[in-house]
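For reference, positions follow the sequence shown, starting with 1. Order of listing sets the numbers, starting from 1, for every ligand and every atom in it. No hydrogens, no waters, no symmetry mates; every other heavy atom, side chains included, goes into these values.
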Amino acid sequence: MSFDRTIKIAPSILSADFANFGAECEAIEAQGADWVHVDVMDGHFVPNITFGPATCAAIRPHIKGVMDVHLMIAPVDPYIEGFANAGADVITAHVEAGPHIHRTLQAIRGAGAKAGVALNPGTPASSVEMLLDMVDLVCVMTVNPGFGGQKFIHSQVEKVRELRAMIGDRPIHIEIDGGVDPTTAPLVAAAGADVLVAGSAVFRGGSVSNPAPYGENICAIRAAAAV
Ligand code: DX5
Ligand code: ZN
């Protein structure tokens, strides 16, 4: 995985057909997705349950590019090895998931994955200041985590700007997760984000048997972010 700050669109398979993950991953990549974003939820850290390492391992052969695993779970540490062994390229843990995020990030890199740290909307940018030398990605949640299809929280755009300044020349991606569509993408891109996660705005109108809308949706977000 090489580093650059060009805009990358990362469809979240939370909005895919759950009976068809392999084919959905292939379809979004064929339609121009840069990364595949995998939302892991435990019904404890967030009020929803999705899937775990076994599902990640099952979809891995269907993804040519980056598998970006977003852990909305607590505790995190007992599961890091499982997700790394499942082939995750990036593993992101929440700064709110426990008292030892520093140790968690060390463990993620130790397991051979890129380390990401995610911030809920109520958490300030300063909470990751002491972690910047040990992460490859900062994920700014622009909705409260747990569900797709929620409304973008505009107050987070300023946080992206703060983080971008704090990061400086470090090779750290800024990822935006929640409510990204062609209207909100330019706001976060201008503030310094380079990875745009989008669930409902990518999958709407399409399916494995009719994947063209995925491509149109990805193009629309990318074009909006380029302005
Ligand atoms: C929310 C997840 C997001 C979500 C984004 O908890 O982390 O990745 O799927 O979905 P949309 O793009 O529909 O807001
Ligand atoms: Zn996510």
| said: Given 3.5 Å as the limit, does a donor-acceptor pair link the side chain of Thr142 with the main chain of Gly178, or not? | reply: yes
| request: Verify the ring-centre separation between His62 and Phe21: is it less than 6.0 angstrom? | output: no
| said: Keeping Gln150 on the side-chain end and Phe147 on the backbone end, is there a donor-acceptor pair under 3.5 Å? | reply: yes
| note | At the Zn ion (ligand 2), NE2 of His37 and ND1 of His70 open up to roughly (10° bins) 100°
| What's the shortest heavy-atom distance between Asp177 and Cys139, and which atoms? | CB-SG, 3.7 Å
| query | With side chains defined as the heavy atoms from C-beta onward, is the minimum distance between Asp34 and Val66 less than 4.5 Å? | reply | no
| remark: The OD1(Asp39)-the Zn ion (ligand 2)-OD2(Asp177) angle, to 10°, is 170°
| message | Distance check below 2.8 Å: does Cys139 bring an N, O or S atom to the Zn ion (ligand 2)? | response | no
| remark: Those residues with a heavy-atom separation under 4.0 Å from ligand 1 are Ser12, Leu14, His37, Asp39, Met41, His70, Met72, Met141, Pro145, Gly146, Phe147, Gly148, Gly149, Asp177, Gly178, Gly179, Val197, Ala198, Gly199, Ser200
| task | Quick one: sort the His173 and Phe3 rings into parallel, tilted or perpendicular, breaks at 30° and 60°. | result | tilted
| message | Minimum heavy-atom separation for Lys159 and Asn120, please, with both atom names. | response | NZ-O, 3.0 Å
